[in-house]
Trainee: 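Just dropping this structure here.
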Amino acid sequence: MKYDFASIEQKWQKRWDEEKTFAAKNGDSRKKFYALIEFPYPSGQGLHVGHPRPYTALDIVARKRRMEGYNVLFPICFVDDAPPTENYAIKNHMHPRTVTENNIANFTKQLKMLGFSFDWDRCVDTTDPKYYKWTQWIFLQMFKHGLAYKSSMPVNWCTSCKCVLANEEVVNGFCERCGAPVVRREKSQWMLKITEYAQRLIDDLDDVDYIERVKTQQKNWIGRSTGAEIDFATTEGDMLRVFSTRADTLFGATYMVMAPEHALIEKWADKLENLDEVREYQAAAARKSDFERTELQKDKTGVELKGVRAINPVTGTEIPIFISDYVLASYGTGAIMAVPAHDERDWEFAKKFGLPIIEVVKGGDVEKEAYVDCDKGVMVNSGFLDGMSVEEAIETMKRWLEEHHLGREKVNYKLRDWVFSRQRYWGEPIPLVYCEKCGWVPLPESELPLMLPDVKSYEPTDNGESPLAHMDDWVNTTCPHCGGPARRETDTMPQWAGSSWYFLRYMDPHNDSALVGKDAIEYWNQVDWYNGGMEHTTLHLLYSRFWHKFLYDIGVVPTKEPYAKRTSHGMILGLNPHNFANLPAEEQERLVKEYGSEAGAKKYLVEKFGEMASHPIVKMSKSLGNVVNPDDVVKTYGADTLRTYIMFLGDFEKAAPWQDNAVKGCKRFLDRIWNLAENRLEGDEYSAANEREIHRTIKKVGEDIENMKFNTAIACLMSLVNQFYEHKPSRGDIRALLTLVSPFAPHIAEELWELQGFEGMACQAAWPQYDEAKTVDSEKEIAVQVNGKLKTTVVIPMDADDETVIGIATADEKIKRLMDGMHLVKTIVVKNKLVNLILKPCK
RNA sequence: GCCGGCGUGGCGAAACUGGCAGACGCAAGGGACUUAAAAUCCCUCGGCCUUUGGCCAUACGGGUUCGAGCCCCGUCGCCGGUACCA
């Protein structure tokens, strides 16, 4: 009988579905395990071959845990990615809901086809009012606790989505989603005070098991730095406050710089001799997009505020004040003291504007360049700091500032508050109304959910107003507080809102009276293992940690952190069809002939296809035609092969290229298993010839799954199968193999399990145990080195002592020859591994 | 620039805490079976040489060590994150 993967896979998927094999049970007495993956955005293109990588990985973990006796929660849902869905809907004249529903149906079909052990009954839909009722509820709690506020400020404006973006959504001055340029606009926005949680978001990383690169990226993004705030007196009497991490260099501060948006400028407007020039600069800075600001970063610009000067508190010198867009309004105090001798940016600016540069730390040549890495230098030209080390000077200066009430220690964070409103239709309405008398008033909780109204036209508008703003019937309402006329907030929430707490809803998806029931949250507690993409490290992951901490503070959840463990997968890349190495041999030959040499051929390819052609491995893209569709792979090879290959192709954490012809190897592996087990075997004990290999494989596969070394786990299973071809397996041997294979290739495992007549289902069998003693041999082949060089190998009894090992090694014919005329100076024995004989010629 | 990570055969990759480099798979070559092909099974497979053996090989140059892919110093290259954050 042939391995008919298509019908086998269908058969078992249907059975799992009907019997609800993977349903998690709330309150069950078994130990619980909660595995979580990031849902796919249900885009119109369907599943990408990259999706199954993290899903298969955690499916393997979830399946193993069930076999180990855990009550496993492994849920899935679809969270709408608002702007793309809406854009697609606009383009195709459809309602966003229809688009989302179609996409979800397609994704569900595709995911089911891959045999993931999701509990499909816990699907949640963040766009369902029953769900977003609770998203709105959480927002209201934040509002009531002062964590949501409306503020007018320059925001990132995507010129294509016609919508405000959070800082985290802007990549190099372009929109993270659509790639259009982002400009700055002054707008009144709802903000969430994530900055209030900055320190806790850093500190609590110590208590969770996240892979290191996730922790570092989060810490870098939050960007804590310790320094001092220093107050400079000005000739106008107003105090100009700055932040500096280098208080020690205060004697070298020769001028000040304020951000063009700094509030004091308005206050000083009357006094400024060059007000027109200042105004012009301010306007130009406001017009620049983020991209332009960074592009032009080498060329410093600025305008002096003529008529106002600051006084250096330690030297008493009057120094000029400039405005320049190299100082950011949103960080620190929006103003700096410039120390050109020891800061590259200040140095450039000082050179351009001919400002004095005073060296205060000895060691560099401050006429040539700023001396920045000067931690080990000694203070000079610095009055009472002279002769001190930098470290000492910082401390001394901080004390001096405090004593004179001119400054204090201060911690700053790069993290900004989260811009939370979007001028889009397709999002959760913000449940607040504005009343002339009472201000912003929350809706009573009994009125939640505030439904998104049906609307004919949901295109974004150019004036930056949400499409909801035109719906007078909806907008005009009464104030819940005073009963007077009021208007609803017309901006909606960003797509990150619903996804900031969705993992809680899985615990209790149908609860109408709470976002998650008390019993449910106490039972499931927190996510045990969450795997997701690195691209969400500074977005979703940070946002959801923030929301969770807030929910912890108001007593809704019992843990400070939502996820006990976080891992991340590498991307699936494709081969570049334009790269020389990936061309068919005949084509390579032809090009080499035509262009004289391989180098010539490569040069030609780069000329023809651009720089890109020099990279053999690239992201999959439609234009290169190297996109792999999982449907096709499943059709040709089956889901089990796809799952096995995607786990086998390389280190899970690293990017790896998809190679079509390598998939065959995994199909062959499954074929070979099929051939071994399609006929009923005899003997329920492990066969003597295979026993040791089986114990070793159980150990290795188990450990590898825990460490996400799926590729070597499969390699080890392949070796076991090869072993079974040498030594015919018993029915017991096959049973062990099938249980180990079952998390990776669950369908074929079930089918063969049934054919062998084992009880129940393979996915419900107990995970096999190994006996450490049985994983080892009685003998061991070890390396024999002479003077550190490998000469031969010998077989020793396992765990033999040093003397025995040296005896066996020196008795070897070849070693004997090498020892001729030499004497043994030293021996090094590494137990069960190697012996190294140090020989010297006899005199 | 700064912060992470990486660099190993024709290819994807293994290699624990410093201990036989290249497990496992792809491609390639040879053989068996077959009228033939596919499939399957078996063998070979880093390079070089004077081939019962020897030498060289883990981006490059040094170092530590009995012993280095792994540790240290320096250089080059690639990937990811971040960027006028004072």
Side-chain angles (χ1 to χ4, degrees), chain A residues 2 171-172 212-221 223-225 227 242-246 249 257 293-294 296-298 300 324-328 330-339 342-346 348-349 372 412-416 534-535 537-538 570-571 573 575 581-582 585 615-617 644-645 648-651 653-666 668-669 671-672 675 703 709 711-719 721-722 725 781-793 814 825-839:
Chain A
K2 220 178 130 257
V171 178
N172 290 330
E212 214 44 50
R213 57 195 170 126
V214 169
K215 286 192 184 182
T216 2
Q217 248 182 60
Q218 288 216 342
K219 281 182 199 160
N220 289 347
W221 185 260
R224 178 194 155 101
S225 63
V242 301
F243 172 74
S244 173
T245 53
R246 294 293 306 276
T249 61
V257 187
R293 270 205 179 194
T294 47
L296 300 169
Q297 77 180 229
K298 274 178 199 101
K300 296 277 179 292
S324 172
D325 63 5
Y326 88 85
V327 171
L328 305 175
S330 48
Y331 183 75
T333 62
I336 61 154
M337 64 178 205
V339 184
H342 303 286
D343 182 284
E344 240 172 83
R345 297 152 301 179
D346 297 347
E348 274 171 40
F349 192 87
V372 180
N412 263 328
Y413 302 90
K414 285 195 226 172
L415 185 69
R416 310 290 154 78
M534 285 307 288
E535 71 275 18
T537 304
T538 52
M571 248 194 299
L573 304 173
L575 296 181
N582 296 330
H615 300 278
I617 293 166
T644 309
Y645 175 65
F648 180 66
L649 90 176
D651 185 332
E653 295 200 54
K654 290 193 195 126
W658 178 277
Q659 296 194 91
D660 265 326
N661 60 10
V663 182
K664 270 185 270 182
C666 291
R668 250 174 235 162
F669 164 61
D671 281 335
R672 280 161 68 81
N675 293 340
E703 288 171 358
K709 301 275 175 206
N711 52 339
T712 49
I714 292 167
C716 183
L717 287 167
M718 287 172 169
S719 296
V721 168
N722 293 346
Y725 270 73
E781 189 183 68
I782 66 159
V784 183
Q785 296 183 339
V786 171
N787 295 338
K789 288 217 170 228
L790 178 73
K791 290 299 167 186
T792 188
T793 61
K814 191 173 168 189
V825 204
K826 193 179 171 186
T827 55
I828 294 131
V829 179
V830 182
K831 202 174 179 186
N832 295 331
K833 288 238 164 97
L834 142 160
V835 54
N836 188 5
L837 309 168
I838 311 303
L839 301 180

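Quick caveat: nothing in here was measured; it's all calculated off a predicted structure.
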Trainee: Taking only side-chain N and O atoms of A:Lys709, does any of them lie within less than 4.0 angstrom of OP1 or OP2 on B:rA13?
Mentor: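 No, no such contact exists.
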
Trainee: Considering just the side-chain nitrogens and oxygens of A:Tyr331, establish if one lies under 4.0 Å of OP1 or OP2 belonging to B:rA86.
Mentor: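 Indeed, a polar side-chain atom of A:Tyr331 lies that close.
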
Trainee: Considering only side-chain heavy atoms of A:Ser719, which listed nucleotide, B:rG81, B:rC24, B:rC20, is closest?
Mentor: B:rC24

Trainee: Taking only side-chain nitrogens and oxygens of A:Lys814, does any of them come within less than 4.0 Å of OP1 or OP2 of B:rU52?
Mentor: no

Trainee: Just wondering, do A:Tyr725 and A:Asn675 contact through their side chains at under 4.5 Å, heavy atoms?
Mentor: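 A side-chain contact exists here, since the closest heavy-atom pair is under 4.5 Å.
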
Trainee: Expressed as a whole number of angstroms, how long is the span from A:Glu703:CD to B:rC16:P?
Mentor: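 That distance rounds to 13 Å.
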
Trainee: Which value, in whole Å, describes the distance between the P atoms of nucleotides B:rU75 and B:rG1?
Mentor: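 After rounding to an integer number of Å, I get 12 Å for this pair.
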
Trainee: When we call it a touch if two heavy atoms are under 4.0 Å apart, what does A:Asn412 touch: a base, just sugar-phosphate, or nothing?
Mentor: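 If one applies the 4.0 Å heavy-atom cut-off, A:Asn412 turns out to touch nothing in the nucleic acid.
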
Trainee: Is it the case that B:rC20 (base atoms only) and A:Lys833 (side chain only) share a donor and an acceptor within less than 3.5 Å, ignoring hydrogens and angles?
Mentor: no

Trainee: With P as the reference atom in both, quote the distance from B:rA68 to B:rC55 in angstrom, rounded to an integer.
Mentor: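 It works out to 15 Å between them.
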
Trainee: side-chain contact (heavy atoms from CB on, under 4.5 Å) for A:Tyr331 and A:Asn412? Distances and angles first, verdict last.
Mentor: CA-CA 8 Å; A:Tyr331 183 75; A:Asn412 263 328; 3.6 Å; yes

Trainee: Whole-Å distance between B:rC41 P and A:Asn675 CG?
Mentor: 7 Å

Trainee: How far, in whole Å, is B:rA14 from B:rG4 if one measures between their C1' atoms?
Mentor: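 Nearest-Å result for B:rG4 against B:rA14 at atom C1': 24 Å.
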
Trainee: P atom, B:rG5 versus B:rC73: distance in rounded Å?
Mentor: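 Comparing P positions in B:rG5 and B:rC73 gives a spacing of 14 Å.
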
Trainee: Considering only NZ, NE, NH1 and NH2 on the basic side and carboxylate oxygens on the acidic side, decide whether A:Glu703 and A:Lys709 come within less than 4.0 Å.
Mentor: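 Answer for the salt bridge query: no.
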
Trainee: If you measure from the C1' atom in B:rG77 to the same atom in B:rA23, how many Å do you get, rounded?
Mentor: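 The answer is 28 Å between these two C1' atoms.
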
Trainee: Which whole-number value in Å describes the distance from A:Tyr413 OH to B:rU82 P?
Mentor: 21 Å

Trainee: So, does A:Asn836 get its side chain near the phosphate of B:rU65, meaning an N or O under 4.0 Å from OP1 or OP2?
Mentor: no

Trainee: In which stems does RNA chain B show up, taking only runs of three or more Watson-Crick or G-U wobble pairs whose two distances fall under 3.5 Å?
Mentor: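 Counting only runs of 3 or more consecutive pairs, the stems involving RNA chain B are B:1-7 with B:76-82, B:10-12 with B:24-26, B:28-32 with B:40-44, B:46-49 with B:53-56, B:59-63 with B:71-75.
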
Trainee: CE/A:Met337 to CG/A:Asp346 distance, rounded to the nearest 0.5 angstrom?
Mentor: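 Answer for the CE-CG pair, A:Met337 versus A:Asp346, is 9.0 Å.
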
Trainee: Please state how far atom NZ in A:Lys219 lies from atom P in B:rA83, giving the value in whole angstrom units.
Mentor: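 Distance check: A:Lys219 NZ to B:rA83 P gives 19 Å.
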
Trainee: Students often get this wrong, so: under 4.0 angstrom with heavy atoms, is A:Arg224 touching a base, only sugar-phosphate, or nothing?
Mentor: nothing

Trainee: With hydrogens left out and only the distance checked, is there a donor-acceptor pair under 3.5 Å joining A:Glu212's side chain and the base of B:rG4?
Mentor: no

Trainee: Let's go through A:Val830 and A:Ile782 carefully: what are the C-alpha distance in whole Å and the side-chain angles of both, what is the deciding distance for side-chain contact (heavy atoms from CB on, under 4.5 Å) to 0.1 Å, and is it a yes or a no?
Mentor: CA-CA 9 Å; A:Val830 182; A:Ile782 66 159; over 6 Å; no

Trainee: So which one's nearest nucleotide on RNA chain B is more toward 5', A:Ser244 or A:Arg213?
Mentor: A:Arg213

Trainee: Does the side chain of A:Ser324 get closer than 4.0 angstrom to OP1 or OP2 of B:rC84 through an N or O atom?
Mentor: no

Trainee: Taking the minimum atom-to-atom distance to the side chain of A:Asn661, which one of B:rC24, B:rC26, B:rC3 wins?
Mentor: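 Taking heavy atoms from C-beta onward, the closest nucleotide is B:rC26.
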
Trainee: How are the rings of A:Phe349 and A:Tyr326 set relative to one another: parallel (under 30°), tilted (30 to 60°) or perpendicular (over 60°)?
Mentor: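 Taking A:Tyr326 first and then A:Phe349, their aromatic rings sit tilted (interplane angle of 30° to 60°).
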
Trainee: What verdict does the side-chain contact (heavy atoms from CB on, under 4.5 Å) test give for A:Lys789 and A:Asn787, after you've listed the backbone C-alpha separation in whole Å, the side-chain angles of each residue and the deciding distance to 0.1 Å?
Mentor: CA-CA 6 Å; A:Lys789 288 217 170 228; A:Asn787 295 338; 5.8 Å; no

Trainee: Report the nucleotide, chosen from B:rC56, B:rA86, B:rC24, that has the shortest atom-to-atom distance to any side-chain atom of A:Ala715.
Mentor: B:rC24

Trainee: Need to verify one output field. Residue with the more 5' nearest nucleotide on RNA chain B, A:Cys716 or A:Arg672?
Mentor: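 Nearest-nucleotide comparison on RNA chain B picks A:Cys716.
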
Trainee: Find the distance A:Asp343:CG to B:rA86:P and express it as a whole number of Å.
Mentor: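 Atom-to-atom, A:Asp343 to B:rA86, this comes out as 10 Å.
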
Trainee: Starting from C1' on B:rU82, measure out to CH2 on A:Trp221 and report it in whole angstrom.
Mentor: 8 Å

Trainee: Look at the side chain of A:Ala662 and decide which nucleotide, out of B:rC84, B:rC26, B:rG12, has an atom nearest to it.
Mentor: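 Nearest listed nucleotide: B:rC26.
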
Trainee: Which nucleotide in the set B:rA86, B:rA13, B:rC3 lies at the smallest distance from any side-chain heavy atom of A:Ala656?
Mentor: B:rA13

Trainee: Would you please confirm or rule out a distance under 4.0 Å between OP1 or OP2 of B:rG25 and any side-chain N or O of A:Asn711?
Mentor: no

Trainee: Find the distance A:Asp660:CG to B:rA27:P and express it as a whole number of Å.
Mentor: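 Interatomic distance, CG of A:Asp660 to P of B:rA27: 12 Å.
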
Trainee: Please identify which of these residues, A:Val257, A:Thr333, A:Val242, meets the side chain to side chain contact (heavy atoms under 4.5 Å, CB included) condition with A:Val327.
Mentor: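 So the option named by the test is A:Val257.
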
Trainee: Considering only the P atoms, how many Å lie between B:rC45 and B:rG25, rounded to the nearest integer?
Mentor: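 Here B:rC45 and B:rG25 have their P atoms 15 Å from each other.
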
Trainee: By nearest atom, which of the nucleotides B:rC20, B:rC78, B:rG25 is closest to the A:Glu781 side chain?
Mentor: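 When the side chain of A:Glu781 is considered, B:rC20 is the closest of B:rC20, B:rC78, B:rG25.
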
Trainee: If you check the A:Thr793 side chain, which of B:rC6, B:rC56, B:rC20 turns out closest?
Mentor: B:rC20

Trainee: Check the distance between B:rC24's P and A:Arg668's CZ and give it to me in whole angstrom.
Mentor: 15 Å

Trainee: Are A:Gln659 and A:Tyr645 packed together at the side-chain level, in the sense that at least one heavy-atom pair is separated by less than 4.5 angstrom?
Mentor: yes

